[in-house]
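Structure, as structure tokens:
Residue numbers start at 1 and run along the sequence shown.
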Amino acid sequence: MIYEQYAEAWDTQNADLLASLCHPNLEMIMHSSGTVVSKAEYIERLGPMMQRVKPENRRCLYENEDVLIMHFLIPFPNGTKDAVLYYIQKENGLMRRIETGSTPLNKG
């Protein structure tokens, strides 16, 4: 199972650990734009983001050998916050395909 390692990577801002959880042919589908992001692009985007934002209320909704589904809140420096849902399809114990959706939340 990879949820705990994923959480540790974020908590310790360890992009190398995050990269080690990714299948070489990782694809991340950005539903907002339809863009498909490769493993290199995923790590390139998330590495710096790990330094700037800390997920809140992160939790594993479900995980087995085939999928991981998690939910968390991302607070941004400008004061906005998004609720994020990740669906991760696994292959050989690694993240192979990530689909994500986010919903902007009102300032509280």
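Not counting sequence neighbours, Lys39 has no partner by the side-chain hydrogen bond (donor to acceptor under 3.5 Å, both in side chains) test. For Ser33, the side-chain hydrogen bond (donor to acceptor under 3.5 Å, both in side chains) partners at least two apart in sequence or on another chain are Thr35. In this structure Glu91 satisfies the salt bridge (charged side-chain N to carboxylate O under 4.0 Å, His left out) test together with Arg96, sequence neighbours excluded.
Leu85 places a side-chain heavy atom less than 4.5 Å from the side chain of Leu61.
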TODO: Could you go through the side chain to side chain contact (heavy atoms under 4.5 Å, CB included) check for Val67 and Tyr87 one step at a time?
DONE: CA-CA 7 Å; Val67 299; Tyr87 169 84; 3.3 Å; yes

Open item on the list: Could you go through Arg97 and Glu99, starting from their C-alpha distance and side-chain angles, then the distance that decides it, and tell me whether this counts as salt bridge (Lys or Arg N to Asp or Glu O under 4.0 Å)?
Closed with: CA-CA 7 Å; Arg97 182 180 175 98; Glu99 296 192 42; 3.3 Å; yes

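Distance check: Met95 CE to Lys90 NZ gives 10.0 Å after rounding to the nearest 0.5 Å. Annotation: the span from Ser38 atom OG to Met28 atom CE amounts to 11.5 Å, rounded to 0.5 Å. Taking NE2 of His23 as the start and CD of Gln89 as the end, the distance is 10.5 Å to the nearest 0.5 Å. Note: Lys54 NZ to Asp11 CG = 7.0 Å, rounded to the nearest 0.5 Å. Rounded to the nearest 0.5 angstrom, Leu94 CG and Leu26 CG are separated by 9.5 Å. Remark: Glu8 CD to Tyr3 OH distance equals 12.5 Å, nearest 0.5 Å.
Sorted by first and then second residue, the ring-ring contact (aromatic ring centres under 6.0 Å, His included) pairs with a member in residues 47-69 form an empty list; sequence neighbours excluded.
In terms of heavy-atom proximity, Met50 sits nearest to Ala9 at CE-O, 3.0 Å. The shortest heavy-atom contact between Glu63 and Ile2 is OE2-N, 2.6 Å. Closest of all the heavy-atom pairs between Pro75 and Val53 is O-CG1, 3.3 Å.
Through direct or relayed side-chain contacts under 4.5 Å between Ile, Leu, Val, Met, Phe, Trp and Tyr, Leu17 connects to no other residue. Clustering of Ile, Leu, Val, Met, Phe, Trp and Tyr side chains at separations under 4.5 Å places Ile29 together with Val36.
Hydrophobic clustering of Ile, Leu, Val, Met, Phe, Trp and Tyr side chains at less than 4.5 Å, counting indirect connections, keeps Ile88 apart from Ile69. By the rule that hydrophobic residues join a cluster once side-chain heavy atoms approach within less than 4.5 Å of another member, Phe76 and Trp10 end up as members of one cluster. Under the 4.5 Å side-chain heavy-atom criterion for ILVMFWY residues, a single connected hydrophobic cluster contains both Ile98 and Met49. Both Val37 and Tyr6 belong to a single network of hydrophobic side chains, linked directly or stepwise wherever heavy atoms of I, L, V, M, F, W or Y lie under 4.5 Å apart. Under the 4.5 Å side-chain heavy-atom criterion for ILVMFWY residues, a single connected hydrophobic cluster contains both Met70 and Met30.
The backbone N or O of Pro48 lies less than 3.5 Å from no partner atom in the side chain of Gln51, so there is not a single donor-acceptor pair. Remark: side-chain polar atoms of Asn78 are paired, donor with acceptor, to backbone N or O of Thr80 under 3.5 angstrom. Formation of a donor-acceptor pair under 3.5 Å by the Asp82 side chain with backbone atoms of Val84 is not found in this model. Glu56 places no side-chain N or O within donor-acceptor distance of the main-chain N or O of Ile74, the cut-off being under 3.5 Å.
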